[in-house]
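Residue numbers start from 1 in every chain, and the chains themselves are labelled A, B, ... in the order their sequence lines are given, proteins ahead of strands.
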Amino acid sequence: MLPDLAHAWTVSPREAIAIQERLRPRVIDRDAAGRLETVAGVDVGFERDGRTTRAAVAVLALDGLALVDSAVVRRRTRFPYVPGLLSFREIPAVLAALDRLREPPDLILCDGQGRAHPRRFGLACHLGVILDRPTVGVAKSRLCGTHGAVRNRRGAWAALCDGEEVIGAVLRTRDGVKPLFVSVGHRVSLARAIELTLACTPRYRLPETTRQAHRLASGR
DNA sequence: GCGACAG
DNA sequence: ATCTTGTCGC
């Protein structure tokens, strides 16, 4: 059973920030995972003017990227969208979806930042710490940090920095397309996070995991 | 005070 | 995130 009692997520933005500061030390930003055979992708969407949160999870075999399991759940939305506090809005539904899987996935590719966050505790870190499982943050756009140019080829990347600190990587997953923002979630190093993201993007800009989850969310 | 701001 | 048609390019 997971610690997702509704009241634990009924917090104010101020309390949410305190929780991030308290859990941040638990993040492990080095490779500390066993064999990775399955990868999950999560897609969160909103219905009925945002009153309902929908979470879809797709689990693929890391080798071959074939779909092996999935789940879709709907929960009442309990937290507004506040930049920097995205996990408090999305994680409750994500935990419910993950709980419906036959087995917990070995790795989760999150739709959002990991350490590339103002307080170094984005959604990927939060989910990883709660589950104490490997996670990687793969966002479609930047929350914070600066970076140089990224060569126009798949596999090319530039460090995402906040001052002298490297908080993530801006990674091109396909020739000539907008790069993704990859960062450490939990129990994975940045180098491995980049490798894993590339392993999950054989053809399109977004990871196959995220694409499958999105497809399931739209009912198919 | 003026922007920036994951999904 | 979500509301939405056509359009540019490989």
Would you indicate, yes or no, if [N] has its OP1 or OP2 atom less than 4.0 angstrom from a side-chain nitrogen or oxygen of [X]?
| X | N | answer |
| --- | --- | --- |
| S141(A) | dG7(B) | yes |
| K140(A) | dG7(B) | yes |
| R51(A) | dT2(C) | no |
| R142(A) | dA4(B) | no |

*If we require ring centres under 5.5 Å and near-parallel planes under 30°, does F181(A) stack on dA6(B)?*
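Here the ring of F181(A) and the base of dA6(B) are not stacked, as the 5.5 Å and 30° limits are not both satisfied.
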*Flag this pair as yes if the NZ/CZ of R89(A) is under 6.0 angstrom from the six-membered ring centre of F46(A) and inside a 45 degree cone about the axis; otherwise no.*
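Checked: cation-pi criterion met.
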Mind listing the closest non-hydrogen atom pair of [X] and [Y] along with its distance?
| X | Y | answer |
| --- | --- | --- |
| G155(A) | L171(A) | O-CD1, 3.9 Å |
| P105(A) | T38(A) | CA-OG1, 3.5 Å |
| R115(A) | C125(A) | N-SG, 3.5 Å |

*What integer distance in Å separates Y81(A):OH from dA1(C):P?*
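From Y81(A) OH to dA1(C) P: 11 Å.
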*Between P of dT2(C) and CG of D111(A), the distance in whole Å*: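 Spelled out: CG on D111(A) to P on dT2(C) is 11 Å.
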*Using a 4.0 Å heavy-atom cut-off across all strands, classify L180(A) as base, sugar-phosphate, or nothing.*
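Nothing, no heavy atom under 4.0 Å.
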